[in-house]
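Working notes, beginning with the structure itself.
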Amino acid sequence: MVNFNGDIVAKNSFFLNQENRGLRYGDALFETIRAVNGEVFLWEDHYLRLMASMRILRMEIPMNFTFEFLKDQIIKTVTANGLEKSPSRVRLTVFRKDGGLYMPETREVSYIIEAKELATPFYTFNDNAYEVELFKDFTVNSDMLSTLKTSNKLVNVLANIYAKENDYVNCLLINNAKQIVEATNGNIFLVKNNIVKTPPLSDGCLNGIIRKKLIEILKKNEAYQLEEASISPFDLQKADELFITNTVMGIQSITKYRKKQFENTLAKDLIGKLNMAVRLEQTKSN
C-alpha cells in the first residue's frame, strides 16, 4: 500500500499517468527515512531539508505541508503496510503536478509515501568485503542542484551498473574538477591519522542527514580533527579508512580500493555513537 496525496491505495493501482513530471523531467524530490515502531527518526532534519529543497526548486509548498501533517501521513502509511511495530524504510516523493513541457503549468505539488520493512531497528556494523572503484564515465556538477535529493540520478544509476558489470560493490563519483564527491548511495568520509575529511557541499555532494549527524559527533571528539575539504583520487590511496553514510544503512566501511586495503576502527566506534545520537534526538522530539 502507498499513500498518494493522503489516500491509501494499492501499490499496483494506476494513480499516476504518462504526464507525471517526475517521470518526464525528473521534476521531483524525495526523502528516504527510517521509521521504527511507529516513530519517524530524524524527522526534523528530513522535513527542513525537504522544505528548503522545494523552495530552491520553486515548488509551491501547500499550506497543509506542516511538520505534523507529513509526519502523520508517514505513520499512516507505515500502519497501512502493517509495519507500525517494525523498522521500516520510508520514501516520501514530492513532484510538481501534471501539465506543461519544460515550463510547468503549475507549481503545485503531489506526493507519494511508500514503506518497506527493514531488517533491524538500529544501525549495525557490516564488516563484509566492500570493494569500490571510481566511476569516470560521467561526473557530478559542483552546484547546488547536486546537493539536493532530486529524482535526477542517472549518474548514480549508471555507476551502479558499472559496478555490477565489473564485480565491485559500489562506485565513487567525481565532479568536473575530478574530486571525489560521494558514493552512489551516500556521502563519503576519509580518515588519515587523526584527520577525518568529507567533501564540502560546494563540491556537489548530497546534503546528507547522516553526514550532518556525524559531523556533529566528530566535532565533539577530541581524538579527531574534522575537515570539510575536497578529496582527490590520490588521497584515497593514502587513507587509513574510508566509509559511506546514508539514512538507511548508517555507516558502511569500504574495505578495498584498487590495491589499497582499509581499516574500520573509526567506523565501528561511530556506529554506536550514531545510534545513541539518533535515539537521544528521538527522545527529545517526543
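As the structure is a computational prediction, the values presented were derived from the model and not from experiment.
Side-chain atoms of Phe41 and Val36, non-hydrogen and from C-beta on, do get closer than 4.5 Å to each other. Side chains of Lys11 and Glu114 form no contact here, defined as non-hydrogen atoms less than 4.5 Å apart. The closest side-chain heavy-atom distance from Leu190 to Thr198 is not below 4.5 Å. Here the side chains of Leu50 and Leu70 are in contact, with some heavy-atom distance below 4.5 Å. Put simply, the side chain of Leu118 does not reach to within 4.5 Å of the side chain of Ser88, judged on heavy atoms. Using a 4.5 Å heavy-atom threshold, the side chains of Ile74 and Ile33 count as touching. By the 4.5 Å heavy-atom criterion applied to side chains, Ile209 and Asn246 are not counted as neighbours. Side-chain contact between Gln252 and Tyr130 is present, with at least one heavy-atom pair separated by less than 4.5 Å.
Here the CZ atom belonging to Phe135 is positioned 5.0 Å from the CG atom belonging to Leu158, to the nearest 0.5 angstrom. Residue Lys192 holds its NZ atom at 4.5 Å from CG of Asp240, rounded to the nearest 0.5 Å. A distance of 13.0 Å separates CG of Leu172 from CD of Gln179, quoted to the nearest 0.5 Å. If you take CD1 on Ile244 and CZ on Phe189, they are separated by 11.5 Å, rounding to the nearest 0.5 Å. Rounded to the nearest 0.5 Å, atoms CG (Asp72) and CD1 (Ile75) are 6.0 Å apart. Rounding to the nearest 0.5 angstrom, the gap separating the CD atom in Glu263 from the OG atom in Ser253 is 10.0 Å.
Taking a 6.0 Å sphere around CZ of Phe69, one finds it holds more than 12 heavy atoms contributed by other residues, nucleotides or ligands. Atom CZ of Arg107 sits in a sparse spot, with 12 or fewer heavy atoms from other residues, nucleotides or ligands closer than 6.0 Å. By the 6.0 Å contact criterion, CD on Glu222 is open, its count of non-hydrogen atoms from other residues, nucleotides or ligands being 12 or less. No more than 12 heavy-atom neighbours from other residues, nucleotides or ligands sit within 6.0 angstrom of NZ on Lys116. By the 6.0 Å contact criterion, NZ on Lys164 is open, its count of non-hydrogen atoms from other residues, nucleotides or ligands being 12 or less.
Outside the 6.0 Å centre-distance limit, the rings of Tyr111 and Phe4 are not counted as a close aromatic pair. Tyr25 and Tyr102 have their aromatic ring centers within a separation under 6.0 angstrom.
Side chain to side chain, Thr184 and Asn160 meet the donor-acceptor criterion of an N or O pair below 3.5 Å. A donor and an acceptor atom, one from each side chain of Thr77 and Asn3, are located under 3.5 Å apart. Between the side chains of Arg55 and Ser53, not a single donor N or O lies within less than 3.5 Å of an accepting N or O. No hydrogens or angles considered: a donor-acceptor pair under 3.5 Å links the side chains of Asn185 and Asn170. Side-chain contact check for Ser142 and Asn176: at least one donor-acceptor pair (N or O, by modelled atom type) lies under 3.5 Å. The closest side-chain donor-acceptor pair between Ser146 and Asn141, if any, does not fall under 3.5 angstrom.
Residues satisfying the side-chain hydrogen bond (donor to acceptor under 3.5 Å, both in side chains) criterion with Lys136, sequence neighbours excluded, are absent altogether.
Between Tyr47 and Phe67, the angle of the ring planes goes over 60°, which puts this pair in the perpendicular group of the 30/60° scheme.
Nearest heavy-atom pair, Asp98 versus Asn20, reported as atom, atom and distance to 0.1 Å: OD1-CA, 3.4 Å. Residue Gly6 comes nearest to Gln73 through the heavy atom pair CA-OE1, 3.4 Å, listed as atom of the first residue, atom of the second, then distance. Across all their heavy atoms, Ile8 and Lys76 have their closest contact at CG1-CE, 3.8 Å. Of all non-hydrogen atoms in Met63 and Thr66, the two that sit nearest each other are O-CG2, 3.8 Å. Taking every heavy atom of both residues into account, Lys178 and Pro233 meet most closely at O-CD, 3.3 Å. Smallest separation of non-hydrogen atoms from Ala35 and Val78: CB-CG2, 4.2 Å.
For Glu39 and Arg34, the salt-bridge test fails: no basic side-chain N is under 4.0 Å from an acidic carboxylate O. Using a cut-off of 4.0 Å between Lys/Arg side-chain N and Asp/Glu carboxylate O, Glu108 and Lys97 are scored as salt-bridged. With respect to the salt-bridge test (charged N to carboxylate O, under 4.0 angstrom), the residues Lys149 and Glu31 do not qualify. In summary, Asp269 and Lys273 engage in a salt bridge, as defined by a charged side-chain N under 4.0 Å from a carboxylate O. Classification of Asp45 and Lys213 as a salt-bridged pair holds, one side-chain N sitting under 4.0 Å from a carboxylate O.
The main-chain N or O of Asn207 is found under 3.5 Å from a side-chain atom of Arg49 such that the two form a donor-acceptor pair. A donor-acceptor pair under 3.5 Å links the side-chain atoms of Asn166 to the main chain of Tyr162, judged by distance alone.
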Let's go through Phe122 and Thr124 carefully: what are the C-alpha distance in whole Å and the side-chain angles of both, what is the deciding distance for side-chain contact (heavy atoms from CB on, under 4.5 Å) to 0.1 Å, and is it a yes or a no? CA-CA 6 Å; Phe122 45 84; Thr124 59; 3.5 Å; yes
Stepwise salt bridge (charged side-chain N to carboxylate O under 4.0 Å, His left out) check, Lys256 with Glu133: CA-CA 9 Å; Lys256 185 179 180 183; Glu133 180 55 271; over 6 Å; no
Test log, rule side-chain contact (heavy atoms from CB on, under 4.5 Å), inputs Met59 and Leu29: CA-CA 10 Å; Met59 292 178 170; Leu29 294 160; 4.0 Å; yes
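With a 6.0 Å cutoff to the six-membered ring centre and a 45° limit on the axis angle, Arg21 does not count as a cation-pi contact of Phe95.
When Thr150, Thr147, Leu148 are each tested for a side chain to side chain contact (heavy atoms under 4.5 Å, CB included) with Ile56, only one passes: Leu148.
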